[in-house]
2 protein chains.
Amino acid sequence: MSSTKALREGSTGKRTAILSAARELFLANGFDRTSVDAVAARAEVSKRTVYDYFGDKHTLLRAVIDTVGQSLIATIRRTIDDNLTDPSDLEDALVAFSMRIATDMFDSAEYTALRRLVRSEPDNLPRGYNTIADVPEEALAERFTAFAAAGLLDIQDARLAADHFVALTFGVALTRLGSANATEDTRVRPFIVEGVRTFLRAYGTR
Amino acid sequence: MSSTKALREGSTGKRTAILSAARELFLANGFDRTSVDAVAARAEVSKRTVYDYFGDKHTLLRAVIDTVGQSLIATIRRTIDDNLTDPSDLEDALVAFSMRIATDMFDSAEYTALRRLVRSEPDNLPRGYNTIADVPEEALAERFTAFAAAGLLDIQDARLAADHFVALTFGVALTRLGSANATEDTRVRPFIVEGVRTFLRAYGTR
DNA sequence: ACTACACTACACCGTGCAGTGTAGTGCTGG
DNA sequence: CCAGCACTACACTGCACGGTGTAGTGTAGT
């Protein structure tokens with residue numbers, strides 16, 4: 001008698017189909033408003049199969065957060081490496097970086113959607129899952145420390161500076177545009193540009 | 001035959017009892033997770049009475065948002081007047097202002113809860129209701145304009161500066177502390193102080 | 001041909017919840 | 001005393017949803 005009812009380990013693509021269907025629906029509509037039937041329909045899979053792969057709705061949620069979180073972190077790390085290594089012009093680099101995060105991130109601001117999701121379902125998640133939401137800031141903080149060492153920024157607390165950067169760029173863009181499809185370059189860019197400028201006025205070396 | 005089933009106009013305190021019960025529950029747990037039965041119980045009122053006063057759950061939500069929004073705006077306006085008129089020390093004044101907003105606001109960060117609520121229930125609200133969430137920034141922007149005229153701040157776009165200020169203080173505090181009961185002065189204050197300092201480094205006159 | 005397995009279709013249970021209908025109670029003014 | 005009103009208690013409908021059980025189908029390996 002196995003303890004956990006033996007979930008199917010799924011060699012097939014069904015698992016990923018379910019996962020990405022769940023991801024789209026959870027991120028778009030939230031956990032409560034997404035029915036398992038809807039996920040199954042979107043994945044073109046029987047509801048029973050969903051329950052065979054993942055034991056229940058909460059486990060499915062955790063799986064979604066895990067995968068989205070991982071891919072999100074990877075994207076951010078890569079984008080940091082691409083745009084924030086040895087920049088010739090710091091302002092341009094920071095703007096380019098932020099824009100790529102804002103758009104390159106699959107469709108709309110998936111990062112913030114994930115964040116909202118994690119924050120809004122504390123009851124459905126084990127402690128510590130919200131750590132995922134902090135990783136990007138920490139990665140940024142690392143890079144800021146390097147900039148400070150190179151004399152490009154004047155920073156005492158790198159983590160705080162990262163928080164300020166995120167707040168000034170994504171934070172403002174998000175609250176003002178309300179997670180409208182960020183693919184619209186034109187509306188997002190001004191907020192990013194101004195956020196970066198303000199950041200540099202506060203943290204730049206004269 | 002009246003068109004709208006004739007809601008009760010309620011001279012009594014029942015109406016406000018229902019409203020504040022609904023406010024607490026909606027803001028704490030969200031719309032979906034709050035049952036009308038729970039609201040009725042909390043208001044110590046029969047469920048039927050809730051439906052007699054407000055026609056359905058959505059109308060109740062709109063009423064809550066209206067009243068909370070109004071009182072929130074009033075509080076902010078008053079706090080601005082109290083703390084941001086003719087300040088002797090700008091940094092101290094901004095910190096005091098922010099702390100009062102963060103705590104004085106009834107219990108936890110009700111402003112952000114309202115914001116979350118408005119943003120997360122777009123389907124349950126008529127267009128234009130999210131305007132409420134912008135009023136505080138606009139009030140702040142007015143005052144910033146005055147400061148700029150008085151030579152206390154170096155600002156081009158006052159509304160943008162207000163957005164930046166809110167993001168640097170409440171935004172950061174909120175994402176980092178996750179709407180924990182803000183009454184805990186000690187945890188909030190550092191974020192507010194640092195946010196204000198960063199803001200002044202970017203927008204202050206040297 | 002037989003087994004094993006992944007999967008579907010479908011019926012089904014329990015529950016929580018929005019919303020309604022109604023009988024009854026107590027209070028207030030004429 | 002009566003009428004009207006605000007309100008409660010409660011039963012009830014309809015529905016959506018999470019989760020389960022199961023019979024049956026297609027397919028691959030032996």
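Below, chains carry the letters A, B, ... as their sequence lines are ordered, and counting in each starts from 1.
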Colleague: Donor-acceptor pair, R187(B) side chain versus L177(B) backbone, under 3.5 Å?
Modeller: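 Looks like no, no N/O pair under 3.5 Å.
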Colleague: Quick one: side-chain contact (heavy atoms from CB on, under 4.5 Å) partners of A22(B), sequence neighbours excluded?
Modeller: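 Checked A22(B) against side-chain contact (heavy atoms from CB on, under 4.5 Å); matches are F26(B), V39(B), L60(B), V64(B).
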Colleague: Could you tell me how far apart F54(A) (CZ) and dG19(D) (C1') are, to the nearest whole angstrom?
Modeller: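 Whole-Å distance recorded here is 16 Å.
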Colleague: For V36(A) and for V50(B), find the nucleotide of DNA chain D with the closest heavy atom, then tell me which residue's nucleotide is more 5'.
Modeller: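 Whichever sits nearer the 5' end wins; that is V50(B).
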Colleague: Should the heavy atoms of other residues, nucleotides or ligands under 6.0 Å from CG of D89(B) be counted, would the total exceed 12?
Modeller: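 More than 12 heavy atoms, drawn from other residues, nucleotides or ligands, come within 6.0 Å of this atom.
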Colleague: Looking at residues at least two apart in the chain, or sitting in another chain, which of them share a side-chain contact (heavy atoms from CB on, under 4.5 Å) with V45(B)?
Modeller: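 Scan of V45(B) (side-chain contact (heavy atoms from CB on, under 4.5 Å), adjacent residues dropped) gives K14(B), I18(B), A43(B), T49(B), V50(B).
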Colleague: So do the side chains of L140(B) and I76(B) get within less than 4.5 Å of each other, counting heavy atoms only?
Modeller: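 A side-chain contact under 4.5 Å is absent here.
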Colleague: For dA6(C), does either OP1 or OP2 sit under 4.0 Å from a side-chain N or O belonging to Y53(A)?
Modeller: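 It does not, given that no N or O in the side chain of Y53(A) lies less than 4.0 Å from OP1 or OP2 of dA6(C).
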Colleague: To the nearest Å, how far apart are D52(B) CG and dA9(D) P?
Modeller: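 Rounded to the whole Å, the gap is 14 Å.
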Colleague: Under 3.5 Å for both distances, Watson-Crick or G-U wobble, that's the pair rule; now give the dot-bracket for DNA chain D, with | marking pairs to another strand and [ ] for crossing ones.
Modeller: ||||||||||||||||||||||||||||||
Colleague: What integer distance in Å separates D37(B):CG from dA18(C):P?
Modeller: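 Answer to the nearest Å: 7 Å.
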Colleague: Of the candidate nucleotides dG21(D), dG19(C), dG19(D), which contains the atom at the shortest distance from the side chain of D56(A)?
Modeller: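 Selected nucleotide: dG19(D).
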Colleague: Looking at side-chain heavy atoms only, is the closest gap between F54(B) and R15(B) below 4.5 Å?
Modeller: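 With C-beta onward as the side chain, the pair touches.
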Colleague: Which nucleotide in the list dT8(D), dA18(C), dC17(D) gets nearest to the side chain of T49(B)?
Modeller: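 Nearest to the side-chain atoms of T49(B), counting from C-beta on, is dT8(D).
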Colleague: Once you round it to whole Å, what is the distance between C1' of dT13(D) and OH of Y51(B)?
Modeller: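 Interatomic distance, OH of Y51(B) to C1' of dT13(D): 13 Å.
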Colleague: K14(A) near the nucleic acid: base, sugar-phosphate alone, or nothing, with a heavy-atom cut-off under 4.0 Å?
Modeller: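 Sugar-phosphate, backbone atoms only, no base.
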Colleague: Out of dT8(C), dA18(C), dG18(D), which has the shortest distance to the side chain of K47(A)?
Modeller: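 Selected nucleotide: dG18(D).
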Colleague: State which of dT8(C), dA18(C), dG21(C) makes the closest approach to the side chain of R48(B).
Modeller: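 So the nucleotide nearest the side chain must be dG21(C).
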